[in-house]
Asks: 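The following block contains the structure, expressed as structure tokens.
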Amino acid sequence: MDFSNPPDGDGKGLDSVGGTDSNTPGRAEIDSALRVIKESRAFAGSQRLQSLLDHIVTETLNGAGDKLKEYTIAIDVFGRPPAFDPRLDSIVRVQASRLRTQLAAFYRKPPPGVTVQIDLPPGGYQPAFSRITPPSPPASLPPAGSPSGAAVDPQIGEPPVPTRPRLAPSPAGRIASLAAGRPWVMPAILIAASLGLVAIFAVMFMGPRPIATEPGREFVGGRPAGPVIFVARYQLIDGPDYAASLRDGIQIDLIDSLSRFPELTVLGYDTVYGVSAEDARADPHGADFIVTGSIQASSNTLRVTSQLIQANSNRVVWSEVDESPLHDAGGVLAVQSKIAGQVAGQLGQPHGVIQERLKEDLTEDRAISMPDYLCVLESYEYSRAKSRAKHEEVRACLEQVTRRSPRYAPAWAKLSWMYGDEVRYNFNLRANDLPPAQRALAAANRAVEANSSSAMAYQYLAIAQFQAGDSDGFRKSIETALKLNPNNAEILADAAQMMILTDGSDRGRELGERAIAFNPGHPPWYNQPLAIYHIMHGNKAEALRYAEAAAPDGAPLAAYILAAALRLNGRENDAESTLREMVRKFPNEIIDKGRRAEFEASTRLPKAVVDLIFGP
């Protein structure tokens with residue numbers, strides 16, 4: 001996935017942080033706050049975040065805020081060479097995003113004596129400074145497990161966190177994991193949470209269904225019959241350095257688990273990534289319900305607070321706190337099995353199959369260590385912001401994980417993708433190894449062997465088979481993935497791409513439209529298969545619309561497709577200009593008609609599209 005570069009800041013120098021106004025913090029106060037932040041637990045273990053924060057604050061205080069650009073930061077802070085290209089290396093954008101997250105977490109509960117708030121507003125790299133307003137005395141919070149109608153904390157836009165543990169947690173609340181440094185079964189918590197939520201959805205939707213009304217939000221092909229769910233980012237209250245990754249993991253895995261149920265439509269990861277409960281309520285993207293919560297971890301205890309909020313009324317319809325000591329996984333498995341049985345009873349016997357698949361996933365993942373789990377989460381971060389450096393780092397990490405934990409299916413699946421990116425993006429190709437396609441296929445097969453109920457494993461196997469030219473194999477694998485997880489936007493989009501490239505089928509178009517509907521914040525490449533479909537069927541206006549929407553992806557394939565759509569619409573000069581610009585950026589790409597056969601073999605594009613790319 002590729003994301004457009006954020007606009008650079010327009011630094012105003014020292015004038016923006018100095019002056020005689022008593023409400024404007026001075027340099028000494030800002031330096032003091034900076035020192036405390038860098039020494040905090042969230043920042044002490046990350047030299048990159050410390051260096052970035054120190055640089056942007058110091059430059060702004062020295063009157064050079066207007067020079068804080070992505071290019072200069074990459075060179076001055078992260079040691080990139082003068083040839084640094086932000087289109088290929090997103091280190092500045094990734095680290096800036098992490099910095100914003102960690103600053104927000106720090107200021108949720110700042111240490112005593114910190115009087116200045118340092119923020120990094122989105123869209124630039126110049127920090128903002130303001131005095132901290134002393135908080136009002138907190139209102140008394142409802143106890144955990146409060147009844148329907150419980151309020152959402154208006155100050156932070158997240159569910160209230162109980163100030164004391166429940167004295168008698170229910171069986172569904174006794175979710176355990178393992179202490180840091182020992183095996184950690186984070187997937188158990190997520191699966192149990194998703195199963196509990198599905199039980200709530202089942203009960204609520206036996207009666208009249210509340211419809212979230214939002215002008216301008218339409219689902220392609222009509223609104224889904226079942227509830228639409230927005231999984232918002234959980235709030236991080238406190239925890240070790242890796243707690244932020246766990247918070248993101250909750251969001252990723254709840255989307256995956258809940259989207260397995262055919263009755264539920266779960267908005268895709270690109271739409272909800274990093275969105276807080278407050279922002280989700282402001283723009284729910286047509287969702288009926290918002291799932292949110294908070295996590296708090298210490299050296300011996302993990303607390304996960306979850307809430308289900310009705311989007312159109314902001315009413316909390318369910319709340320639960322799961323608190324457990326961090327010892328062993330036996331209790332986790334027992335509780336998870338009990339919840340699975342309860343949910344199967346609520347939804348009926350046909351859904352018992354899904355419960356068994358979730359339990360199988362849990363069983364396969366029960367011995368996964370925290371470092372291994374965090375490595376897989378890093379692969380998601382890589383997918384959001386690809387770079388050669390990050391590719392090399394994550395590929396090496398996943399190879400280590402698969403050696404340590406050969407039954408960990410997600411690690412094999414993600415490793416298959418990393419091998420494929422050696423060719424797709426020309427990232428870190430290994431000259432003295434087996435061909436990338438062969439390694440990708442082998443890794444994907446290991447994922448399926450490790451967990452035959454994993455939709456992700458079959459998804460990546462289908463991609464590897466498609467790249468290897470195995471049409472029958474990829475169709476069988478992608479249909480299995482769709483059966484296991486019918487509403488996952490990524491699987492739908494991948495299925496659409498491969499099916500349309502193969503035969504331009506209407507089924508591929510339908511899956512592509514569903515992917516966009518389920519993931520309104522989708523990356524540009526989701527539009528590519530639909531552009532190809534409409535080019536093949538001669539639908540000029542639709543072909544150009546989708547091709548232009550796919551163009552920001554920045555990859556050569558998007559440029560080829562746009563050129564074909566332009567020619568279909570009689571815009572020969574624009575098509576030629578698009579191809580020339582693409583070759584300027586990617587000199588090794590093919591536009592020579594004499595290499596047409598090579599081009600067709602490497603891209604798998606249909607003949608009708610290739611004819612338009614190369615022109616008469």
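Fair warning: this is a prediction, and the values are worked out from it, not measured in the lab. Any value given below was found using the heavy atoms of this structure, including those in side chains, with hydrogens, waters and symmetry copies removed. Heads up: numbering here begins at 1 and tracks the sequence.
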Asks: Given the rule in the side chain to side chain contact (heavy atoms under 4.5 Å, CB included) test, do R424 and Q467 qualify, once you have shown the distances and angles that lead to the verdict?
Replies: CA-CA 10 Å; R424 282 185 290 264; Q467 289 182 317; 2.5 Å; yes
Asks: Can you tell me how the ring of Y382 sits relative to the ring of H391, calling it parallel under 30°, perpendicular over 60° and tilted otherwise?
Replies: tilted
Asks: Can you tell me if R388 uses its side chain to pair, donor with acceptor, with the backbone of F427 under 3.5 Å?
Replies: no
Asks: Answer yes or no: is there a side-chain heavy-atom contact under 4.5 Å between E479 and K483?
Replies: no
Asks: Step by step, would you call L461 with I478 a side chain to side chain contact (heavy atoms under 4.5 Å, CB included)?
Replies: CA-CA 8 Å; L461 177 58; I478 200 63; over 6 Å; no
Asks: Any donor-acceptor pair under 3.5 Å linking the side-chain atoms of Y460 with those of K414?
Replies: yes
Asks: Run the side chain to side chain contact (heavy atoms under 4.5 Å, CB included) test on L501 and L605 for me, step by step, so that the C-alpha distance in whole Å, both residues' side-chain angles and the decisive distance to 0.1 Å come before the verdict.
Replies: CA-CA 6 Å; L501 283 173; L605 285 171; 3.6 Å; yes
Asks: For N451 and Y408, which I'm curious about, is there any donor-acceptor pair between the side chains at under 3.5 Å?
Replies: no
Asks: Please round to the nearest 0.5 Å and tell me the distance separating atom CZ of R439 and atom CG of L434.
Replies: 7.0 Å
Asks: Counting heavy atoms not belonging to E392, are there more than 12 under 6.0 Å from its CD?
Replies: no
Asks: I want to check something: taking the side chain as every heavy atom from C-beta on, are Q497 and Y526 in contact at a cut-off of under 4.5 Å?
Replies: no
Asks: Would you please name every residue forming a salt bridge (Lys or Arg N to Asp or Glu O under 4.0 Å) with R475, sequence neighbours left out?
Replies: D503
Asks: Do K607 and D611 sit within salt-bridge range, that is, some charged N less than 4.0 Å from a carboxylate O?
Replies: yes
Asks: Applying side chain to side chain contact (heavy atoms under 4.5 Å, CB included) to I516 and E513, what does each step give before you reach the verdict?
Replies: CA-CA 5 Å; I516 288 175; E513 290 174 348; 5.9 Å; no
Asks: Measure across P520 and H285 and return the closest heavy-atom pair with its distance rounded to 0.1 Å.
Replies: CB-ND1, 3.8 Å
Asks: Which pairs pass ring-ring contact (aromatic ring centres under 6.0 Å, His included) with one or both residues in residues 483-502, sequence neighbours excluded?
Replies: none
Asks: Strictly distance-based, threshold 3.5 Å: is any side-chain N or O of N527 a donor or acceptor partner for the main-chain N or O of A547?
Replies: no
Asks: To check you understand the geometry: which heavy-atom pair defines the closest contact between A440 and S416, and what is its length?
Replies: O-OG, 2.8 Å
Asks: Not counting sequence neighbours, list each pair that qualifies as a salt bridge (Lys or Arg N to Asp or Glu O under 4.0 Å) and has a residue in residues 443-453.
Replies: R446-E449
Asks: If you measure from OG1 on T271 to CG on N519, what distance do you get to the nearest 0.5 Å?
Replies: 3.5 Å
Asks: In Å, rounded to the nearest 0.5 Å, how long is the span from CG of D506 to NE2 of H537?
Replies: 5.5 Å
Asks: Only counting residues at least two apart or in another chain, list the ones meeting side-chain contact (heavy atoms from CB on, under 4.5 Å) with E378.
Replies: R98, K390, E393, V394
Asks: Donor-acceptor check, side chain of N485 to backbone of A481, threshold 3.5 angstrom: yes or no?
Replies: no
Asks: Test: salt bridge (Lys or Arg N to Asp or Glu O under 4.0 Å). Region: residues 537-549. Which pairs qualify, not counting sequence neighbours?
Replies: E542-R545
Asks: For the residue pair L267 and P284, what are the closest heavy atoms and their distance?
Replies: CD1-O, 3.6 Å
Asks: Taking the side chain as C-beta and beyond, is there a heavy-atom pair between L511 and R514 under 4.5 Å?
Replies: yes
Asks: Taking the six-membered ring for Trp and the full ring for Phe, Tyr or His, determine whether the centres of Y560 and F599 are under 6.0 Å apart.
Replies: yes
Asks: Nearest 0.5 Å please: distance from the CG atom of D574 over to the CG atom of L544.
Replies: 9.5 Å
Asks: Grab the two heavy atoms, one from A464 and one from A444, that are nearest each other, plus how far apart they are.
Replies: CB-CB, 4.3 Å
Asks: Which residue pairs satisfy the ring-ring contact (aromatic ring centres under 6.0 Å, His included) criterion with at least one member in residues 462-510, sequence neighbours excluded?
Replies: F466-F474
Asks: To the nearest 0.5 Å, how far apart are CG in L482 and CG in D494?
Replies: 10.0 Å
Asks: What heavy-atom pair brings M498 and A462 nearest, and what distance separates the two atoms?
Replies: SD-O, 3.7 Å
Asks: Taking all non-hydrogen atoms of both residues, which atom of P436 and which atom of E422 are closest, and how far apart?
Replies: CG-OE1, 3.7 Å
Asks: With rounding to the nearest 0.5 angstrom, report the CZ to CE distance, R509 to M536.
Replies: 13.0 Å
Asks: Determine whether a donor-acceptor pair (N or O, by modelled atom type, separation under 3.5 Å) exists between the side chain of W412 and the backbone of N445.
Replies: no
Asks: So which of L484, I491, I463 actually passes side chain to side chain contact (heavy atoms under 4.5 Å, CB included) with Y458?
Replies: L484
